[in-house]
Amino acid sequence: MKKCFVFLMCILLLQILAEPVVSKDDMPSGKLEIFSWWAGDEGPALEALIKLYNQHYPDVEVINATVTGGAGVNFRAVLKTRMLGGNPPDSFQVHAGQELIGTWVVADRMQDLTWLYKEEGWFDVFPQSVIDKLSYGGGIYSVPLNIHRAGVMWYIPSHLADWGITSPPKTLKEFYETCAILQGKGIIPLVVGEAWTTIHLWDEVALSVLGPDNYEALWTGRLSPNSNQMIAVWDEYGKILDCTNLRDNAAGLSWQQATDLLVSGEAAFNVMGDWVDGYLSTTLGLKAGDDYGWADFPNTQGAFTWLSDTFGLPVGAPNQEAAIAWLRMIGSVEGQNMFNPLKGSIPARVDAVEQAPELYNKYLQYTAKAWANDRLVGSMMHGVVANERFTGDFNQVLDIYIQSRNSTAAAAAMESVCKEAGACGL
Ligand code: GAL
């Protein structure tokens with residue numbers, strides 16, 4: 001009798017092992033709307049991820065809904081209308097940090113995913129510093145797909161050589177010397193594009209002038225936005241802007257078009273996140289390290305301005321089952337290694353690159369090491385250290401500065417915007 005019982009148990013166990021982890025009956029179906037700003041040139045990595053999802057879940061029809069516009073500047077307005085109108089997508093792109101927490105979590109619009117972290121063992125594979133930026137009041141509210149680096153200065157080595165520039169500038173002094181040489185040759189030393197790219201640049205100038213400790217102190221209320229140190233940031237920002245195309249064609253350029261000017265040899269440097277690596281390698285087919293190069297923004301060596309694209313589960317998501325399957329996949333090694341090499345980012349999981357290092361180009365290998373060793377600081381433009389309202393309103397401070405070139409006025413205006421938005425620890 002006992003033998004018979006053991007035999008039956010063994011048969012049962014073998015049957016269980018032979019079954020897929022999720023049986024066909026449990027497979028999600030219906031429509032799944034994934035909402036992001038990864039359209040057009042920015043699309044290939046997301047498209048590859050959706051294809052992978054469809055291989056696993058063929059009964060789900062994925063709607064790849066996008067709102068064009070770098071850094072989500074147009075997307076966020078549409079998302080707000082939908083969320084407040086009670087029409088949330090199944091899952092949407094949102095930056096780790098204040099953009100997620102200060103906008104959607106405090107307003108009770110996101111579902112707690114702690115249970116999913118436990119089920120998937122994610123506490124062991126996502127860095128605690130990233131999980132902290134997704135957490136509020138004991139809950140965890142999204143799944144990080146990647147880590148992007150913001151403060152990279154991109155260039156084309158062969159062009160620099162043609163112009164007699166032997167290496168990218170390491171200090172601000174060297175930067176201004178290089179700027180003068182390039183301007184003398186009719187080259188744009190540092191290209192900028194539409195408004196958000198000038199905020200992106202401001203972040204790096206602030207880090208360069210303040211150093212990582214004071215940069216962090218600015219967002220946590222330990223350094224006043226209206227202090228002498230901040231006036232020095234605005235002074236330097238003005239000098240840097242004088243090396244850009246701001247007054248010429250900047251407003252009409254997307255970040256991709258600004259990058260195109262590097263490739264065509266009309267501009268020398270672009271301070272932009274490493275989505276530029278994705279654009280240059282995946283879209284334009286160029287080779288990292290040979291066809292294009294990268295350096296830290298002057299005087300920010302050893303610091304890594306990070307941001308993370310994450311996806312969460314909004315309250316009222318129409319297709320919960322399919323959305324949870326999406327979240328499980330983007331948090332997996334398979335999902336992260338499908339997406340990141342194409343996107344120009346590194347996985348948020350600490351164990352993904354080592355499982356397939358050959359997928360990652362020279363730039364991404366370099367950045368994965370820097371992520372592990374550098375001093376990390378959060379990006380303001382991309383939602384880590386300041387909330388959405390602040391980043392939106394900061395445009396006005398830049399306008400005041402660009403029109404007046406008055407650093408004292410800009411510092412005072414920034415303080416008001418911090419207070420109104422409840423940012424900068426104020
Ligand atoms: C960032 C985003 C990146 C990339 C970039 C340009 O905010 O995190 O993934 O899309 O904008 O659009």
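Note that ligands are numbered from 1 as they come in the structure, with each ligand's atoms numbered from 1 the same way.
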Pair Ser224-Asn226, side-chain donor/acceptor within less than 3.5 Å: no
Atom-level proximity to ligand 1, residues with heavy atom under 4.0 Å: Trp37, Trp38, Glu42, Gly70, Ala71, His95, His148, Trp255, Trp275, Leu307, Asp309, Lys343, His382
Qualifying ring-ring contact (aromatic ring centres under 6.0 Å, His included) pairs, either residue in residues 316-357, two or more places apart: Trp38-Phe339, Tyr53-Trp326, Phe311-Trp326
Residue pairs, two or more places apart or on separate chains, that pass disulfide bond (SG atoms under 2.5 Å apart) and touch residues 379-426: Cys418-Cys424
Listed partners of Phe75 passing ring pair (Phe, Tyr, Trp, His ring centres under 6.0 Å), at least two apart: Phe35, Trp37
Flag for Asp309-Gln93: side-chain donor and acceptor within less than 3.5 Å: yes
Aromatic ring proximity Trp294/Tyr155, centre distance under 6.0 Å: no
